[in-house]
Amino acid sequence: MEYNHRAIQERWQKYWADHQTYRIENDSSRPKYYVLDMFPYPSGSGLHVGHPLGYIASDIIARFKRLQGFNVLHPMGYDAFGLPAEQYAIETGQHPAETTKKNSIRYREQLDKIGFSFDWSREVNTSDPKFYKWTQWIFLQLFDSWYDADADKAKPIQDLVEAFEIGGSSAVNANSSFEGTFTAADWKAMSPKEREDVLQEFRLTFLKESTVNWCPALGTVLANDEVKDGLSERGGHEVVQRKMLQWSMRITAYADRLLSGLDSLEWTDSMKEIQRNWIGRSQGAKVFFDIVDSEHQIEVFTTRPDTMFGASFMVLAPEHPFIEDLCTDDKKEEVSKYQKWAEGRSERERMSEVKEVTGAFTGAYAVNPMNGEKLPIWISDYVLIGYGSGAIMAVPCGDQRDWEFARHFNIPIPNIIEGHDIEVGALEDKGASLCNSGFLNGLKATEAIPLAIEHIAKEGRGQARINYKLREAVFSRQRYWGEPVPIYFEDGIPKGMSESDLPLELPEVDQYLPTEDGDPPLGRAENWVTKEGFPIELNTMPGWAGSSWYFLRYMDPHNETDFVGKEAVDYWGQVDLYVGGAEHSTGHLLYFRFWTKFLFDRGFIPFDEPARKLINQGMIVAEDGHKMSKRYGNVVNPDDIVEQYGADALRLHEMFLGPIEDHKPWNTKGIEGVYRFLKKFWRLYTSEDGISREKANAAELKSLHQCIKKVSEDIERYSLNTCVSTFMICVNELSELKCTKAEILEPLAILISCHAPHIAEEAWSRLGHTESITTAEFPKFNPEFLKEDSKTYPVMFNGKRRYEIVVPADMPKDEVEKLALEHEYAEKWLEGGAPKKVIVVPGKIVNVVL
RNA sequence: GCCCGGGUGGCGGAACUGGUAGACGCGCUGGAUUCAAAAUCCAGUUCCUUCUGGGAGUGCGGGUUCGAUUCCCGCCCCGGGUACCA
């Protein structure tokens with residue numbers, strides 16, 4: 001009987017849909033397992049064969065865990081807000097909701113054809129008001145929270161207000177951007193606006209005038225991770241720095257926990273490393289430098305306070321606020337010329353001209369607190385306003401950049417490192433001993449740093465400090481197609497809407513473009529005001545808002561009173577396996593962790609990391625080695641493969657291409673191999689003799705149990721490609737044995753059902769079952785059937801294999817050795833001499849050392 | 001530059017804790033079946049070789065070991081991340 005993949009997959013896909021086979025309940029009597037895929041943005045071009053790779057892998061795991069008795073949550077949905085739909089809307093006037101709907105229907109059709117075991121009753125869509133109501137709600141929780149550094153967690157803003165009323169600013173220790181001090185009396189005397197200005201420095205989402213990546217072509221602000229090489233990641237347009245009033249997320253409050261949390265995660269080393277670098281924690285000190293003839297003190301951050309005796313100048317970022325005050329009259333022109341030049345340079349220019357040394361002298365001098373030396377104050381764009389305090393003490397002997405700057409502008413380079421030649425360059429090695437450094441002479445960095453910090457702290461000039469590269473995450477987007485920010489402005493004071501006013505639905509607009517005044521598209525909406533008539537925020541949220549918490553919604557997707565019910569989240573807990581692309585390393589995956597930690601802090605969920613295990617599926621490139629894209633005309637559509645070879649062949653082939661995490665080329669020829677295998681598998685179940693109920697023999701059981709062992713182990717370690725070869729080996733052996741016995745073919749069908757569910761269901765029903773194979777139990781491996789009577793040992797002479805001996809499996813070592821040397825060829829290889837040593841590794845090899 | 005990965009036949013890849021390198025599949029070669037084809041099946045397929053056998057071989061060069069794709073040191077190449085972060 002022919003293997004008719006079309007009839008089989010149609011039949012079972014219909015059966016699964018009709019019987020809601022993959023629908024699951026939040027049933028706490030069984031152990032749970034949560035397998036999540038990064039949900040797709042439903043683009044207009046549909047899926048190509050590269051897209052389902054991760055979904056197939058996660059589906060195999062989901063099916064495997066289900067067969068092992070777990071209650072498996074394996075949902076799918078759409079990350080539906082985004083730029084392409086909006087761009088399309090601008091071009092065609094079609095509402096983005098319509099194109100998004102159309103595209104997601106197309107995605108669903110394509111996904112259904114591949115036979116995934118998603119519970120579609122839990123589908124989420126981030127652009128659905130029922131979903132984004134809760135995105136807005138979480139935003140409001142962030143708005144209503146501050147970070148208590150002593151408790152190391154987020155708390156309600158009300159607690160902060162109460163603390164201020166009792167003890168002023170010194171009553172709290174917060175991860176905030178607030179820098180002044182005030183007493184309780186001061187606080188009480190403040191106007192509502194003044195108080196709010198203070199609170200904004202503490203809120204976890206807050207309004208801030210900040211320098212942002214403005215993309216004129218896209219008409220919006222981009223996050224740092226949306227900018228690549230100074231161009232927009234989407235579209236490759238120019239990006240310039242611009243100051244705007246923006247909503248930001250105080251992700252920096254979580255920097256330390258985002259870093260330390262990595263240790264508990266089973267993510268790849270490279271993924272963790274990328275996040276570590278992105279967070280960029282560095283430990284050092286902040287030090288205040290006095291300035292000659294000025295009231296100002298300049299704060300610098302240094303990781304090497306031990307080298308402070310070697311400071312010979314100071315550099316401020318061109319945007320540093322003190323420059324205007326400090327600059328002497330004769331230098332004003334040159335300094336402002338430099339500032340203008342630096343400002344005008346785009347990100348891209350800065351990057352391509354990294355090596356060029358530029359700067360200007362302000363005419364002012366600071367005082368080195370260690371030795372009282374006068375330090376000329378320069379400005380240069382190698383110092384960044386956004387990192388540390390935007391100012392550095394330059395130690396040309398100990399820092400290569402400072403050394404190059406000093407060389408270029410003929411600034412002295414005092415030597416503070418024993419035995420070092422300053423003509424060669426700076427010495428950044430922490431193992432070297434200091435000299436010309438007063439009380440630090442003779443010490444190494446590790447010894448000198450604490451002493452230096454202690455010294456400056458005693459003098460009241462600074463203290464130990466930790467800095468991060470991680471920036472606050474800009475949250476505003478000047479777009480239409482995103483979640484409206486649920487904030488209104490009462491007399492200029494931003495206020496959160498009440499929960500009962502959510503969802504704040506996207507209003508209709510006549511065009512999806514900015515207004516003539518340059519306001520975002522929401523500025524076109526009529527009556528975009530609250531009931532009381534207060535204006536509502538015009539910006540929308542970025543793409544990553546919905547994806548930062550969607551995994552929680554799947555647990556309880558129809559809950560109307562909560563973003564997720566307590567029982568549901570207690571039951572499902574963390575994602576056990578998360579599968580998605582590595583390109584989300586510094587965007588989604590960081591925000592995802594941040595929001596999870598926040599929701600944990602505020603007691604809404606019982607865990608503070610969203611996903612315990614992460615797999616980054618590799619990319620499938622086209623056969624020509626290019627990325628699959630319309631441009632190259634090399635796109636392979638899964639629909640075509642499914643039509644020609646079937647969904648099972650597609651699934652098997654994608655897995656068979658190689659390890660899930662590797663990048664690999666698509667190989668159309670190769671699918672013939674797995675198709676042939678499926679036909680061979682099919683023949684086992686459809687032989688003319690029918691299915692036999694006889695007892696299986698030793699050879700059949702051995703073949704089956706080898707397969708069970710290997711497949712169980714391989715799935716467990718996510719080695720899904722080697723499973724396929726294991727199936728092939730087993731089917732080849734059973735074909736050879738002409739096996740038609742149900743005792744063997746039943747468990748075999750279950751084994752393969754994770755990878756190839758359609759043919760497995762069909763085979764299962766042919767064996768007489770009336771229930772879906774998904775209700776079966778994964779077969780257990782029995783080592784009894786693998787026992788061998790004899791063992792073939794390779795006999796090696798000096799590590800080279802010369803012949804083999806076959807001996808009883810349980811033969812003791814010394815007898816194996818004896819037999820090996822009694823072999824007819826032994827004489828020849830011994831060349832008359834006696835072996836120096838014979839190594840017998842039981843069950844493995846015999847090695848004769850001459 | 002710095003930080004992570006990774007280099008195995010014509011190709012995709014396997015070898016999980018150091019123990020017969022190249023499983024499984026693709027491709028290729030030869031054969032069976034067939035009027036012919038498709039489909040199916042069988043045999044062979046790392047390279048060199050003086051072929052009942054021998055030698056070399058997992059990017060390159062060293063080392064540890066009875067034994068190294070696997071561990072250590074140095075180098076080369078490819079992929080990813082990052083870009084003056086003080």
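A, B, ... follow the sequence lines: proteins, then strands. Residue 1 opens every chain.
Taking the P atoms as reference points, B:rC73 lies 26 Å from B:rA21, given to the whole Å. B:rA39 and B:rU58 have their P atoms separated by 38 Å, given to the nearest Å. Of the C1' atoms belonging to B:rC28 and B:rC60, the separation is 31 Å, rounded to the nearest Å. For the C1' atoms, the distance linking B:rC24 with B:rG13 amounts to 9 Å, nearest Å. Taking atom C1' in both B:rC66 and B:rG22, one finds a spacing of 24 Å when rounded to whole Å. Between the C1' atoms of B:rU82 and B:rG59, the separation comes to 26 Å (whole Å). Rounded to a whole angstrom, the distance from the C1' atom of B:rU17 to that of B:rG10 is 34 Å. Between B:rC48 and B:rA43, the two P atoms lie 24 Å apart (nearest whole Å).
Judged by distance alone, the side chains of A:Ser177 and A:Arg250 do bring a donor and an acceptor atom under 3.5 Å apart. A:Tyr468 and A:Asp256 share a donor-acceptor pair across their side chains, judged by distance under 3.5 Å alone. For the residue pair A:Ser248/A:Glu472, the side-chain donor-acceptor check at 3.5 Å is not satisfied.
Distance, A:Ile274 CD1 to B:rA83 C1': 14 Å, rounded to whole Å. To the nearest angstrom, P of B:rA86 lies 17 Å from CE of A:Met314. Summarising the geometry, the separation between CZ on A:Arg276 and P on B:rG80 is reported as 22 Å, rounded to the nearest angstrom. Here B:rU82 presents its P atom at 19 Å from NZ of A:Lys272, a figure rounded to the nearest Å. Atom P of nucleotide B:rG79 and atom CD of A:Glu583 are separated by 18 Å, given to the nearest angstrom. If you measure from atom CD1 of A:Ile729 to atom P of B:rA15, you get 11 Å, rounded to the nearest angstrom. Rounded to an integer number of Å, the gap from CD of A:Glu804 to P of B:rU20 is 11 Å. The distance between atom NZ of A:Lys844 and atom P of B:rU65, rounded to the nearest whole Å, is 23 Å.
Using a 4.0 Å heavy-atom cutoff across all strands shown, A:Lys286 reaches no nucleic acid atom at all. Backbone-only contact: A:Leu657 has heavy atoms under 4.0 Å from sugar-phosphate atoms and none from a base. Residue contacts for A:Ser270: at a heavy-atom cut-off of 4.0 Å it reaches the sugar-phosphate backbone alone, with no base atom in range. Counting any heavy atom pair closer than 4.0 Å across all strands shown, A:Asp714 reaches no nucleic acid atom. Residue A:Lys669 is in sugar-phosphate contact alone, with no base atom involved, counting any heavy-atom pair closer than 4.0 Å across all strands shown.
In this structure, of B:rA15, B:rA86, B:rU82, it is B:rU82 that holds the atom nearest to the side chain of A:Thr586. For A:Tyr382, the side-chain atoms get nearest to B:rC84 when compared with the rest of B:rA86, B:rC4, B:rC84. Counting only heavy atoms from C-beta on, A:Lys664 has its side chain closest to B:rG13 among B:rA86, B:rG13, B:rG19. Taking every side-chain heavy atom of A:Leu384 into account, B:rA86 is the closest of B:rC24, B:rC16, B:rA86. Residue A:Met796 places its side chain closer to B:rU20 than to any other of B:rA86, B:rU20, B:rC26. The side chain of A:Thr722 approaches B:rA15 more closely than any other nucleotide in the set B:rA15, B:rG19, B:rC24. In the set B:rC24, B:rG13, B:rC66, the nucleotide with an atom closest to the side chain of A:Pro659 is B:rG13. Residue A:Glu713 has its side chain nearest to B:rC16 when only B:rG27, B:rC66, B:rC16 are considered. For A:Phe656, the listed nucleotide lying nearest its side chain is B:rG12; candidates were B:rA14, B:rU20, B:rG12. The side chain of A:Pro794 has B:rU20 as its nearest neighbour among B:rC16, B:rU20, B:rA86.
Proximity of the aromatic rings of A:Trp378 and A:Phe405 is defined here by a centroid distance below 6.0 angstrom, and this criterion is met.
Between A:Met728 and A:Val724, the closest side-chain pair of non-hydrogen atoms falls below 4.5 Å. You'll find the side chain of A:Arg471 stays beyond 4.5 Å of the side chain of A:Thr252, heavy atoms only.
Between A:Tyr793 and A:Arg281, the one whose closest nucleotide on RNA chain B sits nearer the 5' end is A:Tyr793. Residues A:Phe301 and A:Val674 both approach RNA chain B. Their nearest nucleotides, taken by heavy-atom distance, put A:Val674 toward the 5′ side.
For B:rC73, the base is anti relative to its sugar; the glycosidic angle deviates from 0 by more than 90°. Glycosidic conformation of B:rG9 is syn; the angle stays within 90° of 0.
From A:His663, atom NE2 reaches atom CG of A:Leu657 across 13.5 Å, with rounding to the nearest 0.5 Å. In this structure, the separation between CG on A:Leu258 and CD1 on A:Ile251 is 5.5 Å, given to the nearest 0.5 Å. Atom CD1 in A:Ile805 sits 14.5 Å away from atom OH in A:Tyr825 (nearest 0.5 Å).
We find that A:Asp269 and A:Arg276 are not joined by a salt bridge, their nearest charged nitrogen and carboxylate oxygen being 4.0 Å or further apart. Salt-bridge formation is detected for the pair A:Lys702/A:Glu788: a Lys NZ or Arg NE/NH1/NH2 atom is positioned less than 4.0 Å from an Asp or Glu carboxylate oxygen. Classification of A:Lys709 and A:Glu713 as a salt-bridged pair holds, one side-chain N sitting under 4.0 Å from a carboxylate O.
The aromatic rings of A:Trp682 and A:Tyr3 sit tilted, their planes meeting at an angle between 30° and 60°.
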For nucleotides 50-58 of chain B, tabulate all protein N/O to nucleotide N/O atom pairs closer than 3.5 Å, reporting atom names and distance.
residue : atom : partner  : partner atom : Å
B:rG55  : OP2  : A:Arg802 : NH1          : 3.0

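With the 3.5 Å cutoff on both pairing distances, Watson-Crick and G-U pairs in RNA chain B assemble into runs of at least 3 at B:1-7 with B:76-82, B:10-12 with B:24-26, B:27-32 with B:40-45, B:46-49 with B:53-56, B:59-63 with B:71-75.
A sub-4.0 Å separation between OP1 or OP2 of B:rG80 and a side-chain N or O of A:Asn616 is absent. The side chain of A:Asn721 contributes an N or O atom lying less than 4.0 Å from OP1 or OP2 of B:rA14. Residue A:Arg683 places at least one side-chain N or O closer than 4.0 Å to OP1 or OP2 of B:rC41. Distances shorter than 4.0 Å separate some side-chain N or O of A:Ser282 from OP1 or OP2 on B:rA86.
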